[in-house]
J.: 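Got a structure for you, written out below as structure tokens; questions coming shortly.
One is the number of the first residue; the rest follow in order along the sequence. Reckoned from all heavy atoms, side chains included, excluding hydrogens, waters and symmetry mates. All figures in this text were calculated on a predicted structure; none of them were measured in a lab.
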Amino acid sequence: MLTELGKTTVKFEYLATQLGIANTHLYFFRQLTAAEQGACKKEFYKSLDFWGYTISAHIQATVVHLCRVYDTHGRHAGGSTLHLLRFVQDIGQSKLTHVEHALHESDLKFLQKAKRETGATPHPAVAKLRAWRNSLVAHRDYDWSLTGIGEFL
């Protein structure tokens, strides 16, 4: 059985690993895109479908891993989700210093779930990632499917 510190360590390691994996896929995407447009252009052209799908898979994997980290789903009948917002929300504030408490509040504001009724909004980059998750990654927005997603992107 894990101690509270052990549980926190496991949660932190999971989130850090997801970010590391996302970063690695982004690195591969950038390196392959640069190679495709640069010195290896002829070689990429020989296997255009393969490299196109490979490059696309790396950016999709990047977004999926980031979506997991910045998710907002809470507890549900099947269990609960582990994401950065919940990790920060679960930090016990009783032992925080005044400065740490201010940082905690800043982190919560950065990550908060958007709520129309209170006007709460997360950081714009977090909000955009969640919109991508909800409308392009986990689900496909009906209207965008018909009219195109150019304006959104």
J.: Of all heavy-atom pairs between Gln89 and Leu108, which one has the smallest distance, and what is that distance?
T.: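 Heavy atoms only, the tightest pair is CG-CD2, 3.6 Å.
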J.: What pairs with Glu13 under salt bridge (Lys or Arg N to Asp or Glu O under 4.0 Å), at least two apart in sequence or on another chain?
T.: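 By the salt bridge (Lys or Arg N to Asp or Glu O under 4.0 Å) rule, Glu13 matches no residue at all.
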J.: Specify the closest pair of heavy atoms between Asp90 and Lys11, including all atoms of both residues, with the distance to one decimal.
T.: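 The answer is OD2-NZ, 4.1 Å.
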J.: So Asp71 and Arg133, do their side chains get closer than 4.5 Å, heavy atoms only?
T.: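 In contact.
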J.: With rounding to the nearest 0.5 angstrom, report the CG to NZ distance, Leu111 to Lys113.
T.: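 Leu111 CG to Lys113 NZ: 13.5 Å, rounded to 0.5 Å.
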J.: Parallel, tilted or perpendicular: which one describes the rings of His25 and Phe28, with boundaries at 30° and 60°?
T.: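 Perpendicular, since the angle between the ring planes exceeds 60°.
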J.: Which heavy atom in Ser145 sits nearest to a heavy atom in Asp141, and how many Å separate them?
T.: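 Minimum heavy-atom contact is OG-O, 2.8 Å.
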J.: Counting N and O atoms only, with roles assigned by atom type, does the side chain of Thr9 sit under 3.5 Å from a partner on the main chain of Leu5, one being a donor and the other an acceptor?
T.: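 Pair found, side chain donor or acceptor close to backbone of Leu5.
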J.: Can you tell if the side chain of Thr17 reaches within under 4.5 Å of the side chain of Ile21, non-hydrogen atoms only?
T.: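 The answer is yes; the side chains approach within 4.5 Å.
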J.: I'd like to know if Tyr45 and Phe50 are part of one continuous hydrophobic network [Ile/Leu/Val/Met/Phe/Trp/Tyr, side-chain heavy atoms within less than 4.5 Å].
T.: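 Phe50 does not cluster with Tyr45.
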J.: Are there over 12 heavy-atom neighbours, none belonging to His139, within less than 6.0 Å of that residue's NE2?
T.: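 Atom NE2 in His139 is crowded, with more than 12 foreign heavy atoms closer than 6.0 Å.
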J.: Check the surroundings of atom CZ in Phe110: do more than 12 heavy atoms from other residues, nucleotides or ligands lie under 6.0 Å from it?
T.: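 More than 12 heavy atoms, drawn from other residues, nucleotides or ligands, come within 6.0 Å of this atom.
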J.: Is any side-chain heavy atom of Asn23 closer than 4.5 Å to one of Tyr27?
T.: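 No. Closest side-chain heavy atoms not under 4.5 Å.
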J.: Determine whether a donor-acceptor pair (N or O, by modelled atom type, separation under 3.5 Å) exists between the side chain of Ser56 and the backbone of Gly52.
T.: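 Here the side-chain-to-backbone pair does not exist.
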J.: Linking I/L/V/M/F/W/Y whenever any side-chain heavy atoms sit under 4.5 Å apart, do Phe12 and Leu84 land together?
T.: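 Phe12 clusters together with Leu84.
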J.: Do the non-hydrogen side-chain atoms of His123 and Gln112 ever get within less than 4.5 Å of each other?
T.: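 No, too far: nothing below the 4.5 Å cut-off.
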J.: Find the distance between CD1 (Ile59) and CG (Leu32) and round it off to the nearest 0.5 Å.
T.: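 Taking CD1 in Ile59 and CG in Leu32, the distance rounds to 11.0 Å.
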J.: With Arg68, which residues qualify under salt bridge (Lys or Arg N to Asp or Glu O under 4.0 Å), at least two apart?
T.: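 With sequence neighbours excluded, Arg68 shows a salt bridge (Lys or Arg N to Asp or Glu O under 4.0 Å) to no residue whatsoever.
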J.: Identify whether Ile55 and Leu136 are in the same connected component of the hydrophobic contact network (ILVMFWY, side-chain heavy atoms under 4.5 Å).
T.: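 No; tracing contacts between hydrophobic side chains, which count when under 4.5 Å, never links both residues.
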J.: Which heavy atom in Val88 sits nearest to a heavy atom in His104, and how many Å separate them?
T.: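 Heavy atoms of Val88 and His104 come nearest at O-NE2, 2.7 Å.
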J.: How many angstroms lie between atom OG1 of Thr121 and atom CZ of Arg116, to the nearest 0.5 angstrom?
T.: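 It is 13.0 Å, given to the nearest 0.5 Å.
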J.: Look at the side-chain heavy atoms of Ile, Leu, Val, Met, Phe, Trp and Tyr, link any pair under 4.5 Å apart, and say whether Leu66 and Leu26 land in one connected group.
T.: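 Unlinked, Leu66 and Leu26 end up in two clusters.
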J.: Would a hydrophobic clustering, with Ile, Leu, Val, Met, Phe, Trp and Tyr connected at side-chain separations under 4.5 Å, put Ile91 with Leu103?
T.: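 Hydrophobic grouping puts Ile91 apart from Leu103.
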J.: OG1 of Thr24 to NE2 of His58: how many Å apart, nearest 0.5 Å?
T.: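 Here the rounded value is 10.0 Å.
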J.: Does any non-hydrogen side-chain atom of His65 lie less than 4.5 Å from one of Leu19?
T.: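 In short, these two side chains do not touch, never coming nearer than 4.5 Å.
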J.: Roughly how far apart are Phe29 CZ and Thr54 OG1, rounded to 0.5 Å?
T.: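 These two atoms lie 12.5 Å from each other.
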J.: For the OG atom of Ser47 and the CZ atom of Phe44, what is their distance to the nearest 0.5 Å?
T.: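 CZ of Phe44 is found 9.5 Å from OG of Ser47.
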